[in-house]
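Step one of this worksheet: look at the structure below.
Both ligands and their constituent atoms are indexed starting at 1 by order of listing.
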Amino acid sequence: MLARLFRLRLSLMNGFAAAAGYLLFPSPVQRPTLLALFLGVALMAAAGSALNQVLERDLDALMRRTCDRPLPTKKLSPAAAALAGLAALAAGASLLFIAAGAVPAAVALVTLIWYLALYTPLKRVSSLALLVGGVCGCGAPLVGWSAAGGGLGDFRIVLLAGVIYLWQVPHFWQLQRKEADDYRRAGFHVFTPAVGKKGSAPLGRLWIISMITATLMLPVFGVVQAAPILCALLLPLPFLFLSWRRWDRVAALVLHCYPLLVTLAIFGGKFIGGAV
Ligand code: HEM
Ligand SMILES: CC(C)=CCC/C(C)=C/CC/C(C)=C/COP(=O)(O)OP(=O)(O)O
């Protein structure tokens, strides 16, 4: 039940995105800090999920995808869910503050406020919520980068946060392709790319190609030592996504795990460079 409330895979993936930001900074890895950062951000993302479900319990009850969550099924009361979310928030923020300092903890808190006070209400009134919500995903790498000692305006972390931003749109489109009617029935305004006769989605492909192009800027500008690994991992992707229909399942899996892929590539470069 708590796994559904905290959306563990989404929360853990935010931990990996934070690790990507930390590993991107050109300094030796402090493993305890990296672990505390991963857990702190995952706890903060879990808090966001729980509090979001308290705020959206009425709409969750209307959608096939979310009606079996703990609040619509009355397995948890809104008060208990809110308490669980606040406990995760307190634990995550404290862990980040103790292990990484005030700035990473503050960036995580601002991310959570953006998610709960801006994105969540906006979903009910505008399809542009998706573009506003994309900023939430930039929080995790920014937290990681600042925990490693990087400044938030550095072009290197802006580039990585931009990659995660670009990824979230096709990520959402891929997940809600089957749910578009469900979203409409619940009264959500959803912005989905037009799909052509042959099942192609040119706008979706455009987002994915721009995401991969932005990712490849990381080795091109020498931002990561993982040039060969990153290129070997990511260069085939445009071909995978361009043949959308034939590689559908593989492309969907790669798209689902993209932040993890980028983190592994950056980690690989650091490991080869002996900085881990
Ligand atoms: C605008 C931003 C985003 C939107 C609109 C969005 C939307 C969604 C939706 C609707 C789901 C399906 C959840 C469910 O059915 O329970 C989902 C799943 C998921 N999201 Fe996102 N997401 C966003 C950002 C992120 C970010 C930043 C991450 C991590 C870095 C992430 C990682 C995941 C993962 C791993 C899942 C799979 C969850 C599972 O299979 O249990 N998403 N997302
Ligand atoms: C550093 C830090 C705190 C990181 C956390 C970032 C964060 C809150 C990520 C979640 C992003 C997001 C918009 C998820 C979908 O919510 P949704 O409400 O659209 O999903 P739903 O329809 O399944 O409820």
Side-chain angles (χ1 to χ4, degrees), residues 3-21 37-57 59-60 62-69 71-72 85 88-89 92-93 95-96 100 104-124 127-147 160-161 163-180 182-183 186 188 190-192 252-253 255-263:
R4 282 291 277 158
L5 182 72
F6 287 144
R7 283 190 295 178
L8 288 186
R9 283 181 284 199
L10 187 151
S11 301
L12 291 174
M13 190 67 90
N14 272 284
F16 281 113
L37 170 77
F38 180 91
L39 292 174
V41 166
L43 279 166
M44 294 288 275
S49 178
L51 297 173
N52 163 275
Q53 290 185 32
V54 171
L55 295 171
E56 287 189 338
R57 58 189 185 277
L59 295 176
D60 280 351
L62 303 177
M63 287 180 69
R64 188 183 46 226
R65 176 178 64 86
T66 55
C67 64
D68 64 342
R69 286 177 168 175
L71 275 87
L89 195 163
L95 196 51
L96 288 174
V107 173
L109 275 173
V110 167
T111 305
L112 225 48
I113 293 166
W114 186 283
Y115 177 55
L116 297 169
L118 209 55
Y119 167 72
T120 301
L122 199 57
K123 277 174 72 179
R124 295 174 184 252
S127 56
L128 289 178
L130 176 60
L131 299 180
V132 170
V135 173
C136 300
C138 302
L142 285 169
V143 171
W145 175 266
S146 62
L160 178 63
V163 168
I164 300 292
Y165 181 86
L166 287 169
W167 163 75
Q168 289 168 103
V169 175
H171 154 70
F172 171 67
W173 281 341
Q174 171 202 344
L175 287 160
Q176 67 85 31
R177 267 188 310 180
K178 305 176 286 298
E179 319 282 354
D182 216 18
Y183 269 90
F188 281 116
V190 189
F191 169 49
T192 50
L253 179 67
L255 188 58
H256 206 49
C257 306
Y258 200 74
L260 178 58
L261 262 180
V262 175
T263 305

Return the residue, atom name and 0.1 Å-rounded distance of the protein heavy atom closest to [atom].
atom	answer
atom 34 (C) of ligand 1	L10 CA, 3.7 Å
atom 7 (C) of ligand 1	F172 CD1, 3.8 Å
atom 36 (C) of ligand 1	H256 CE1, 3.9 Å
atom 17 (P) of ligand 2	K123 NZ, 3.5 Å
atom 16 (O) of ligand 2	Y115 OH, 2.9 Å
atom 11 (C) of ligand 1	L175 CD1, 3.5 Å
atom 35 (C) of ligand 1	R9 O, 3.5 Å
atom 24 (C) of ligand 1	Q168 OE1, 3.3 Å
atom 2 (C) of ligand 2	T111 CG2, 3.9 Å

Main-chain N/O of [Y] paired with [X] side-chain donor or acceptor, under 3.5 Å:
X	Y	result
Q53	R4	yes
T120	A117	no
W167	P259	no
Q176	Y183	no
T263	F16	yes
D182	R64	yes

Within ligand 1, which atoms have a heavy atom of [X] less than 4.0 Å away?
X	result
G137	27 (C)
L130	1 (C), 5 (C)
G134	1 (C)

Hey, is [X] touching ligand 1 through its side chain, its backbone, both or neither, going by heavy atoms under 4.0 Å?
X	value
R69	side chain
Q176	neither
Y183	side chain
Y119	side chain
W167	side chain
L12	neither

With a 4.0 Å cut-off on N to O distance, would you call E56 and K123 a salt bridge? yes
So, are D60 and R65 salt-bridged, with charged N and O less than 4.0 Å apart? no
Would you check whether [X] reaches within less than 4.0 Å of ligand 2, judged by its heavy atoms?
X	value
M63	no
Q168	no
M13	no
G137	no
R7	yes

Ligand-residue contact atoms, ligand 2 with [X], heavy atoms, under 4.0 Å:
X	answer
M44	3 (C)
N52	18 (O), 24 (O)
C136	6 (C)
A45	5 (C)
R65	21 (P), 22 (O), 23 (O)
A108	3 (C)
R69	21 (P), 23 (O), 24 (O)
E56	18 (O), 24 (O)

Distance-minimising heavy-atom pair for [X] and [Y]:
X	Y	result
V107	G139	CG1-O, 4.0 Å
A50	F6	CB-CE2, 3.8 Å
C138	A161	SG-O, 3.4 Å
A147	A100	CB-CB, 3.6 Å

Looking at CG of L62 and SG of C67, how far apart are the two atoms once the value is rounded to the nearest 0.5 Å? 9.5 Å
First locate atom OH of Y115, then atom CG of L55, and finally report the distance between them rounded to the nearest 0.5 Å. 9.0 Å
Is there at least one pair of N or O atoms, one from T66 and one from ligand 2, spaced under 3.5 Å apart? no
Tell me whether Y119 has any N or O atom under 3.5 angstrom from an N or O of ligand 2. yes
Ligand 2 versus F172: contacting region, heavy-atom distance under 4.0 Å: neither
Side chain or backbone of Q53 under 4.0 Å from ligand 2, or both, or neither, by non-hydrogen atoms? neither
Just to be sure I'm reading this right: ignoring hydrogens, which of G133, P141, C138, C136 gets closest to atom 1 (C) of ligand 1? Compare them by their nearest heavy atoms. G133
When you measure from atom 21 (Fe) of ligand 1 to each N, O or S atom of H171, which atom gives the shortest distance? NE2
Less than 6.0 Å separating the ring centroids of F172 and Y165? no
Test item, E179 contacting ligand 1 (heavy atom, 4.0 angstrom): no
Can you find an N/O atom of R65 closer than 3.5 Å to an N/O atom of ligand 1? yes
